[in-house]
Protein chains: 2
Amino acid sequence: MSVKFKYNGTLWIEIEGEPVFGPGRVELLERIQQTGSIRQAAIQMGMSYRQAWQMVEHMNSHLSHPVVISQRGGKGGGNAEVTQKGMDAIKQFKAFHLRFHQLLAEQSKDISL
Amino acid sequence: MSVKFKYNGTLWIEIEGEPVFGPGRVELLERIQQTGSIRQAAIQMGMSYRQAWQMVEHMNSHLSHPVVISQRGGKGGGNAEVTQKGMDAIKQFKAFHLRFHQLLAEQSKDISL
DNA sequence: TTACGTTATTCCTATGGGGGAATAACGATA
DNA sequence: TATCGTTATTCCCCCATAGGAATAACGTAA
């Protein structure tokens, strides 16, 4: 029972072996939902627009229905919105992700090395 | 409830934020224990001796007591053995790792996207 | 018709991590 | 003393990938 050692890990949802939803992509979805903009979401997360767009593209292209729908031009220059499917993904992933981290913390107490 | 989507993840034990025991390093420890040789363990896992040695070095250098003790020269050219601490790490990690994967499989059934 | 801010896409660079190769060090054995 | 197979370490190259920069495309508003 040493405080030095901790369990840690990462979690994602995959489809045919390909990771589609992980902590980063889900946080991006949340921020897109909040801001209505891929660019603003990217800035908030300290990443380039290019990287954010690639993450969105990755999710959409691996799913039968998109999680983000975007338009260019128009008021504000364009916009992006998270679909219902995207919101479902956020909700389910975050729920299990939280439980996962609770389990990690709990089990960390029992490490004896 | 789609069979397409699955939870997956990785798990490790870290010390001061530095990963020390993960699936790869623990498997390496097991094979070192079985073979008594870093080189043979590396061959079994399809990696270079150099990489295997670096993994051992990484573990030992981040712990107060080594998980592998090795000697060069002598009968067979040298040898390596896993310490009691190393065996404890193997046992505890594998146990939680198994439980983790059971949880992943179980939760995967409940994904609804 | 121009300006604007965003989405969408291409191109090119660089950088650092991985890995092979080479070599030193070592001690039992014969 | 030579051989052997392993541990231990350094050197160097390469290439995949991350990332910035540049640019096209678009539609509303004034």
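Note on naming: letters A, B, ... go to the chains in the order of the sequence lines (proteins, then strands), and numbering restarts at 1 for each one. Note that the structure is a prediction, hence the values are computed from the model and not measured.
- Across the protein-nucleic acid pair, B:Arg39 atom CZ and D:dC4 atom P stand 16 Å apart, rounded to whole Å.
- Separating the CE atom of A:Met47 from the C1' atom of D:dG19 is a distance of 13 Å, rounded to the nearest angstrom.
- At D:dA8, one or more side-chain N or O atoms of B:Trp53 fall inside 4.0 Å of OP1 or OP2 (strictly under the cut-off).
- Note: A:Phe100 and A:Phe96 have tilted aromatic rings, judged against thresholds of 30 and 60 degrees for the angle between ring planes.
- When the P atom of C:dT6 is taken as reference, atom CZ of A:Arg72 falls 15 Å away, rounded to whole Å.
- Following rounding to the nearest Å, B:Ile38 (CD1) and D:dT7 (P) show an atom-to-atom distance of 5 Å.
- With B:His58 contributing its side chain and B:Gln54 its backbone, the two residues share no donor-acceptor pair below 3.5 Å.
- With hydrogens and angles ignored, a donor-acceptor pair under 3.5 angstrom links the side chain of B:Arg50 to the base of C:dG19.
- In this structure, CG of A:Asn60 is placed 13 Å from C1' of C:dA8, rounded to the nearest angstrom.
- A distance-only check finds no donor-acceptor pair linking the side chain of B:Thr10 to the backbone of A:Gly9 [under 3.5 Å].
- Side-chain contact between B:Phe21 and B:Leu63: present, with at least one pair of heavy atoms (C-beta onward) separated by less than 4.5 Å.
- Take the nearest nucleotide of DNA chain C for B:Gly74 and for A:Gly74: the residue whose nucleotide is more 5' is A:Gly74.
- Spacing between atom CD1 of A:Ile43 and atom P of C:dG5 amounts to 12 Å, rounded to whole angstrom units.
- Looking at heavy-atom distances under 4.0 Å, B:Gln40 makes contact with sugar-phosphate atoms alone, never a base.
- Computed from coordinates, the B:Leu28 CG to D:dT7 P distance equals 11 Å when rounded to whole Å.
- Remark: A:Gln51 is in phosphate contact with D:dG19, judged by side-chain N or O atoms under 4.0 Å from OP1 or OP2.
- Checking A:Gly73 against A:Gln54, the closest nucleotide of DNA chain C that is more toward the 5' end is the one next to A:Gly73.
- Distances shown here put a side-chain N or O of A:Ser37 below 4.0 Å from the OP1 or OP2 atom of C:dT7.
- When each of C:dA28, D:dT7, D:dT9 is scored by its nearest atom to the side-chain atoms of B:Lys75, the top-ranked nucleotide is C:dA28.
- The side chain of B:Ser48 sits closest to C:dG20 out of D:dA8, C:dG20, C:dA8.
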Going through the checks in order, is the side-chain contact (heavy atoms from CB on, under 4.5 Å) test met by A:Glu81 and A:Gln33?
-> CA-CA 6 Å; A:Glu81 68 171 333; A:Gln33 186 180 26; over 6 Å; no
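- When the side-chain nitrogen and oxygen atoms of A:Ser70 are compared with OP1 and OP2 of C:dA8, one or more of them lie within a distance under 4.0 Å.
- Taking atom CD of residue B:Gln71 and atom P of nucleotide C:dT29, one finds them 13 Å apart after rounding to whole Å.
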